[in-house]
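Notes to accompany the following structure.
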Amino acid sequence: MTDLTLDRYAAEITAQTEQLTASVKGADLAVPVPTCAGWSLGDLLRHVGGAHRWAEEIVRSRATGPVPDDQVNDVSGDDRTDTTALAAWLDEGAALFADALREAGPHASVWTVAPNGTPVFWARRMMVETVVHRADAVAAVDGTYTLDQDVALDALAEWLGFIELPQVYASVEAMRGLLGPGRTLHFHATDAGPGVEGDWLVDLTGEAPAVRRAAATERTPGEAAVSLRGSAAALLLLMYQRDSVLEDAVEVVGEQGLFEEWREAASAWLRR
């Protein structure tokens, strides 16, 4: 389940990309990205643009199986040029992908790397990819990062939803190693207004990790083993280990070591 529509995802992909390219206008492509060790700003932009075009091919062709992702992983290029041409290429790719999503519609059948099998999966995944890497770009140029609350909440919901999938962990053994009595985590988005679901409970006490939306009053910081409170954007960037980009801090109450152990294990998919 997602909180936003395919049309909204498509619009956000182009809008977030335009914000990204605007934030790096005139920047040195060779500048290092502090949140992506070993990458230059040029590497980052080539990765984002490659990811958009890879996903666009999957959706446009209605791929029924894996599509080669060389353009996602090969970030090599000439960082001695200015950002103009690379930014234009990135904006163009985002627009092409958004068009492909709208043309396909939300119910078409396509290959996905996780359960769903529709363009909505790729729309959401690439929106989040762009949101997170825009934070990387901002960090590289010492800029200011903001993110709409509903986008941040949806991106956070995607991350937390992944933790129920065995394939996001390094191994089944690594997943099972997180489980045990009393191991629960409560996330509370402090900027979620009335009627907006901004609480999740991660339950590691059963036979597999489980996550569900929870009422704010259902679990207090004293009842969960560890509770995290912060803006939706701050919680999201904390999950992706980009929390240094925002001045907003996340309050962690309880067993911080449990949170760090869980985040590290549940982030294995990001390191592949």
Side-chain angles (χ1 to χ4, degrees), residues 9-60 66-101 113 122-147 151-152 155 159 233-234 236-247 264 267-272:
Y9 287 131
E12 283 296 332
I13 287 164
T14 55
Q16 294 291 330
T17 302
E18 288 168 359
Q19 289 182 60
L20 191 163
T21 55
S23 71
V24 301
K25 185 176 181 180
D28 181 358
L29 290 176
V31 68
V33 180
T35 48
C36 295
W39 273 12
S40 68
L41 179 59
D43 294 335
L44 176 72
L45 298 183
R46 286 184 286 269
H47 168 74
V48 176
H52 288 166
R53 290 167 187 266
W54 175 63
E56 187 273 341
E57 181 180 353
I58 293 169
V59 173
R60 173 177 43 79
V67 170
D69 59 358
D70 295 350
Q71 58 188 324
V72 181
N73 300 317
D74 183 3
V75 297
S76 60
D78 188 356
D79 286 344
R80 294 171 297 179
T81 60
D82 64 33
T83 59
T84 305
L86 191 52
W89 173 79
L90 210 161
D91 284 336
E92 178 189 55
L96 289 171
F97 180 42
D99 288 345
L101 288 169
V113 296
W122 290 114
R124 189 187 209 187
R125 180 84 288 274
M126 287 299 118
M127 182 196 76
V128 178
E129 182 87 354
T130 312
V131 160
V132 172
H133 285 316
R134 182 165 67 83
D136 294 324
V138 166
V141 300
D142 196 25
T144 300
Y145 185 84
T146 60
L147 184 62
V151 173
W159 202 102
L236 172 69
L237 294 186
L238 181 66
M239 294 300 99
Y240 282 95
Q241 300 186 47
R242 266 80 169 182
D243 43 303
S244 60
V245 177
L246 286 178
E247 292 184 2
E264 179 68 13
S267 298
W269 63 281
L270 291 170
R271 298 187 289 272
R272 295 185 186 130

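For clarity, every value in this text was computed on a predicted model and none was experimentally measured. Any value given below was found using the heavy atoms of this structure, including those in side chains, with hydrogens, waters and symmetry copies removed.
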Rounded to the nearest 0.5 angstrom, the CG-CG distance for L96 and D91 is 11.0 Å
Problem - Neighbour count above 12 (heavy atom, 6.0 Å) for R80 CZ - result: no
| Aromatic rings F97 and H52: how do their planes relate, parallel, tilted or perpendicular, breaks at 30° and 60°? | parallel
Minimal heavy-atom distance between M126 and A51, with the atoms involved, is SD-O, 3.7 Å
Residues H47 and V72: closest non-hydrogen pair is ND1-O, 2.9 Å
>> Do V131 and Y145 make a side-chain contact, defined as non-hydrogen atoms from C-beta onward lying under 4.5 Å apart?
In response: yes
Residue set satisfying side chain to side chain donor-acceptor pair (under 3.5 Å) with D74, at least two apart, ordered chain then number -> S76
Would you say T81 and L86 make side-chain contact, with heavy atoms under 4.5 Å?
no
Scanning both residues in full, the closest heavy-atom pair of T35 with S244 reads CG2-OG, 4.1 Å
Could you check whether R53 pairs with E57 (Lys NZ or Arg NE/NH1/NH2 to Asp/Glu carboxylate O, under 4.0 Å)? no
V141 meets the side-chain contact (heavy atoms from CB on, under 4.5 Å) criterion, sequence neighbours left out, with V24, A27, L41
**Item:** Side chain to side chain, V113 and W269, heavy atoms closer than 4.5 Å
**Value:** no
Inset, instruction - Please tell me if the side chains of D136 and W39 come closer than 4.5 Å, counting only heavy atoms from C-beta onward. - result: no
| request: Using atom types as modelled and distance alone, determine if a side-chain donor or acceptor of R46 lies under 3.5 Å from a backbone N or O of V75. | output: yes
Item to complete: Taking the side chain as every heavy atom from C-beta outward, state whether L270 and W159 have any atom pair closer than 4.5 Å.
Response: yes
Close side-chain approach of E129 and V48, heavy atoms under 4.5 Å: no
* Charged N to carboxylate O below 4.0 Å: is that the case for R124 and E12? -> no
*Any side-chain heavy atom of L236 sitting closer than 4.5 Å to one from L147?*
yes
